[in-house]
Structures are given as structure tokens and as C-alpha cells.
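Report on the structure given below.
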Amino acid sequence: MDKGRKLIIAGNWKMNKTVAEALDLVNGLKRELANIKEIDIVVCPPFTALSDVSKAILNTNIRLGAQNMSEHNFGAYTGEIAAGMLKEFSVRYVILGHSERRQYQKETDELIAKKALAAHAASLKPIVCVGETLAQREAGRTELVVGTQLRKSLAALSAGQMEETIIAYEPIWAIGTGKNATADQAQDAHMFIRKQLAAMFNETVARHARIQYGGSVKPSNARELMSQRDVDGALVGGASLEDRSFSDIIKNCVN
Ligand code: PGA
């Protein structure tokens, strides 16, 4: 199905991989994925591996992403990393507001909005994560929760910036549980998100913006999920930690 949007599949390695392990993984991916042109491929290693992975993927079809960044450009923020520092390693994408950061680091939509603006100011493309808990879904509050997250975390962006922003819909109950959303559940949520983008920005933005699905994506379910009309890619955690499973996900989604 040609949706007029190129699929983007990103691996979120989370807090995994030493530099040596990261290089093993990315060298495997280079071999497996060398011929793929139809899909944008992104890896998001931990900060400590960005430098080496960046060199390893030079002149390949694999792009680099980071898992987080500061909303500030520089200064007395111990332990933080600024967008400009990521740019030194040719980072192109940055995951913002992952549910693990919302939960463990107490990140708010307001903070994510500032980070998204700072990312664009440095020409990094943010991957802004949204998604509901199981309790929220069961209470019928999915659209309310996701709608609020979108409205607040994208509040600072212009229409032009939004077109270059990627949304990752990641139902929290599907992350790391092995229990993915069904294709219908994903499509319903993605269609809702696209309508929200049209209301918040305009129809063109909604048509162009890419919306990834995340939550237990694996080689066996990727194709069906990606074939949904409003699903434009995947954010993959566990299955991105091994070269075979991540490259199988991507190969299974090539038409
Ligand atoms: P998972 O994680 O693929 O392991 O469910 C997805 C994510 O957290 O981005």
C-alpha cells in the first residue's frame, strides 16, 4: 500500500550494549540491511556508544538517533546532554518522552514540548512518544490520554516543524510485554493521532507526518502492523538488540 510516507523503523537499544557489543550489532545490521532503500533505518544506542556507532555507519543506509536530550543548550545541568553535543556525532533523530522516562524520570508533557523545540532548533528530528496504560485503555480513556499528550507535548512546534517530527504511539501495556497491540488497535489509535494533528496543525501536516507504532514489535507481527493505513513505521525495543531480529523486521516490511 503506498501511503505517500516512507516507513521509518528505529531500534531503541535503551540501557543496553557496551561499545564493543554495539559495534557487533551495528556491523551485523550493515551486512543484513545494505540493500534496503525503501525504509528509513535508525538505531538509537546509549550515549556512550554514539561516537563509535556513528563512525561505523558512515556511508551506509543506517541513521543515528539518541534516546533523550536536555531542553537546555549548555550550562550547569550535571549529567545532561545537549542537542549540539549529539550533532557532533551526526545524530539525526532523538527519542523524546519515552514512557520509561515519563515514568522513572517524571518527564512531563511540558518538558517534552521544550525538548522538541530545542531538538528542531538544532535540526534534530524528534520522535515524540505517546501512549496509554492498560488501566486507561480499559477505562475507555485512550483517546483522552493520547490527545492530551499530543496537544501538550507538541504545543511549541510550528506546522513546518511538526511535519519533520515523528510520533511514536506506544501503548504502555505493549512495551516489553510480548503482547503487541492488534493491527486494528494500532490503526484506530494512529488514525485518531492523525486527526488530532489535522486539528492542531492542518491537513497537510497530518498527511505528511509519520506515526510509528511501538510495543513488542517482532519479525512475526511487523508486516501486518506496518500494512495498516496510518502506521508509518516502528519503534522497536527488545527485538532491536539482536541483528537478525531487527533486520528481519525491516526485511519483512519491504514490499
Ligand atoms: P519493546 O519496546 O519493543 O521491547 O516492546 C518498545 C519501546 O519501548 O520503544
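Remember, it's 1-based here, ligands and their atoms both numbered in the order they're listed.
- Applying side chain to side chain donor-acceptor pair (under 3.5 Å) to Y169 and the options H190, Q212, E132 leaves one that passes, E132.
- Residues meeting the side chain to side chain contact (heavy atoms under 4.5 Å, CB included) test with N73, sequence neighbours left out: none.
- In this structure E242 satisfies the salt bridge (charged side-chain N to carboxylate O under 4.0 Å, His left out) test with no other residue, sequence neighbours excluded.
- Exactly one residue among V130, V145, V128, D109 makes a side chain to side chain contact (heavy atoms under 4.5 Å, CB included) with L150. That residue is V130.
- Using a 4.5 Å heavy-atom cutoff, the side chains of V205 and M200 are not in contact.
- Around ligand 1 you find N12, K14, H98, E170, A174, I175, G176, G215, S216, L235, V236, G237, G238, each with a heavy-atom distance below 4.0 Å.
- The list of side-chain hydrogen bond (donor to acceptor under 3.5 Å, both in side chains) pairs with a residue in residues 52-63, not counting sequence neighbours, is empty.
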